[in-house]
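As structure tokens, the structure follows; a few thoughts come after it.
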Number of protein chains: 2
Amino acid sequence: MAKAGSTSQLQGSERRDPEGTRRRLVAAAIAALREVGFAGASAREIARRAECNQALVFYHFGSVADLLVAALDETSRVRMERYSAAVAGVTTLEGLVTVGIGIFREDLDAGHVTVLAELIAGASTSPELGAAVAERIETWRRFTEEIARRVLDGSPFAPLLEPGEVAFAVVALYLGIELLTHLDGDRRPAEGLFATAGRMAALLGSLSGGPDLGGVPTSGRAEEGSP
Amino acid sequence: MAKAGSTSQLQGSERRDPEGTRRRLVAAAIAALREVGFAGASAREIARRAECNQALVFYHFGSVADLLVAALDETSRVRMERYSAAVAGVTTLEGLVTVGIGIFREDLDAGHVTVLAELIAGASTSPELGAAVAERIETWRRFTEEIARRVLDGSPFAPLLEPGEVAFAVVALYLGIELLTHLDGDRRPAEGLFATAGRMAALLGSLSGGPDLGGVPTSGRAEEGSP
DNA sequence: GTCTATACTTGGATAGAC
DNA sequence: GTCTATCCAAGTATAGAC
């Protein structure tokens with residue numbers, strides 16, 4: 001063993017690559033947000049998980065808040081890639097819900113959404129953090145809006161629902177489900193909800209192109225042949 | 001002015017009633033959770049708002065966490081009374097959404113749901129707090145479930161939707177909307193969503209007793225005259 | 001680039017005067 | 001019951017050695 005008291009930091013002159021340290025800090029920040037929340041994600045706690053010194057947080061990121069934002073960017077980036085690949089080509093509501101269930105389980109297992117939820121709640125304490133988080137949320141809302149537009153297009157609901165509003169609702173619901181599920185560790189309510197959503201999607205999907213919805217005109221955007 | 005340094009605390013032997021102090025502390029805790037979030041709701045911050053000494057938090061409540069739970073109980077109690085009165089007698093989906101919009105505006109103005117949302121997020125740091133918060137959420141979910149059951153009863157959706165699941169979704173959505181709206185201070189997305197919900201409710205409500213929903217059998221629970 | 005050491009601040013919690 | 005004073009732990013951030 002090395003000197004007593006130090007857990008796993010570097011001793012002497014054995015330098016490691018700075019990019020590796022940055023990445024480990026970001027990963028540690030994500031893990032800390034997931035496991036001990038915003039209030040517990042201190043520089044010391046994060047550095048301990050990254051197995052480096054606490055001062056490196058400030059050297060590499062300037063402040064804890066900036067590191068947390070970097071952590072949010074990283075999860076957002078990774079999840080955006082995953083989501084994009086998963087929903088590519090999906091245009092039916094039913095297919096979308098099926099994909100959504102899979103993604104949701106991933107998110108829950110890995111705690112991806114927890115990072116976002118914790119930062120949203122933590123943003124109450126600092127307005128600067130709030131602005132940064134709001135920007136990232138807007139990115140997700142727009143992403144969801146595009147999907148909603150695709151699925152809505154040609155459905156009898158098109159004249160009834162704004163894609164932007166649907167996206168807002170989906171993001172809010174997803175966030176809420178995450179919070180509740182993470183709270184008591186029981187994911188069965190969420191699973192049940194998704195199962196029901198699947199049934200409803202199948203039902204609603206069967207209405208598309210079929211009989212009209214209670215006398216509501218399917219005018220305008222309900223045509224096909226778009227790019 | 002009195003002695004320098006003290007903002008508004010009591011000097012000498014002028015005692016105030018202990019119940020008043022307790023109430024002021026609870027009110028101050030609620031305000032702190034709303035305005036500076038869980039991370040900012042310290043004993044000192046709360047005592048400052050209650051215009052009393054920081055030590056009284058521990059004298060009256062034992063710990064900060066216990067005071068925060070007491071604060072959650074208080075908002076829950078007040079809001080439960082308000083909600084109960086508001087939805088009394090409402091049985092249609094459309095009427096419910098109308099009432100919901102009014103309640104939602106109240107909640108947003110006064111930040112009632114923020115208290116809950118902050119504590120949910122803050123619960124990540126302490127398991128004991130998490131259990132207490134989970135209990136209160138379950139109360140709200142059950143309350144919502146009863147309303148869902150009433151509205152669902154006799155509607156063509158009764159065989160499709162479990163009241164418990166609907167309640168879970170509603171609570172999650174409400175929570176998510178609160179978080180997002182509180183984040184950037186723009187309540188227009190939420191207002192738009194409620195407006196759309198009102199239109200959808202009117203549409204869906206017109207289906208009740210009317211034509212069936214796309215060939216789905218309205219069997220079992222869709223009968224009236226239950227206990 | 002990484003670590004040690006340290007200055008400074010804030011927060012939870014308790015003891016004791018009044 | 002309330003306040004003062006205080007201890008101790010933990011956090012942010014910086015300076016400087018290596």
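Predicted model only: the values in this text are computed from it and were never measured.
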* Starting at atom CZ of Phe58(A), determine the distance to atom C1' of dA13(D), rounded to an integer number of angstrom. => 5 Å
* Residues Ser124(B) and Glu118(A): side-chain donor-acceptor under 3.5 angstrom -> yes
* For Leu56(B) and dA13(C), what is the distance between atoms CG and P respectively, to the nearest whole Å? -> 15 Å
* Asked: Regarding Arg105(A) and the six-membered ring of Phe194(A), is the cationic atom NZ or CZ under 6.0 Å from the ring centre and inside 45° of its axis?
  -> no
* Would you kindly give the CG-to-C1' distance between Leu25(A) and dC3(C), to the nearest whole Å? => 14 Å
* How long is the line joining CZ of Arg44(B) and C1' of dC3(D), in whole Å? -> 13 Å
* Are OP1 or OP2 of dG12(C) and a side-chain N or O of Ser63(B) less than 4.0 angstrom apart? -> no
* Asked: Can you tell me if the side-chain N/O atoms of Ser42(B) get under 4.0 Å from OP1 or OP2 in dT10(C)?
  -> no
* Asked: Can you tell me how far C1' of dC3(D) sits from CZ of Arg24(B), to the nearest Å?
  -> 13 Å
* Asked: What do you reckon, are the aromatic ring centroids of Trp140(B) and Tyr83(B) less than 6.0 Å apart?
  -> yes
* Can you check the Asn53(B) CG to dC18(C) P distance for me, whole Å? -> 16 Å
* Using a heavy-atom cut-off of under 4.0 Å over every strand shown, decide if Ala55(A) touches base, sugar-phosphate, or nothing. => base
* Taking atom P of dA13(D) as reference, at what distance in whole Å does atom CD1 of Ile46(A) sit? -> 12 Å
* Asked: Between Tyr174(A) and Phe104(A), is the gap from one ring center to the other below 6.0 Å?
  -> yes
* Structure fact -> In whole angstroms, the gap separating P of dA13(D) from NE2 of His60(A) amounts to 16 Å
* Structure fact -> Sorted by position of nearest nucleotide on DNA chain C, 5' first, the leading residue of Gln54(A) and Tyr59(A) is Tyr59(A)
* Across the strands shown, which category fits Val64(A) at heavy-atom distances under 4.0 angstrom: base, sugar-phosphate, nothing? -> sugar-phosphate
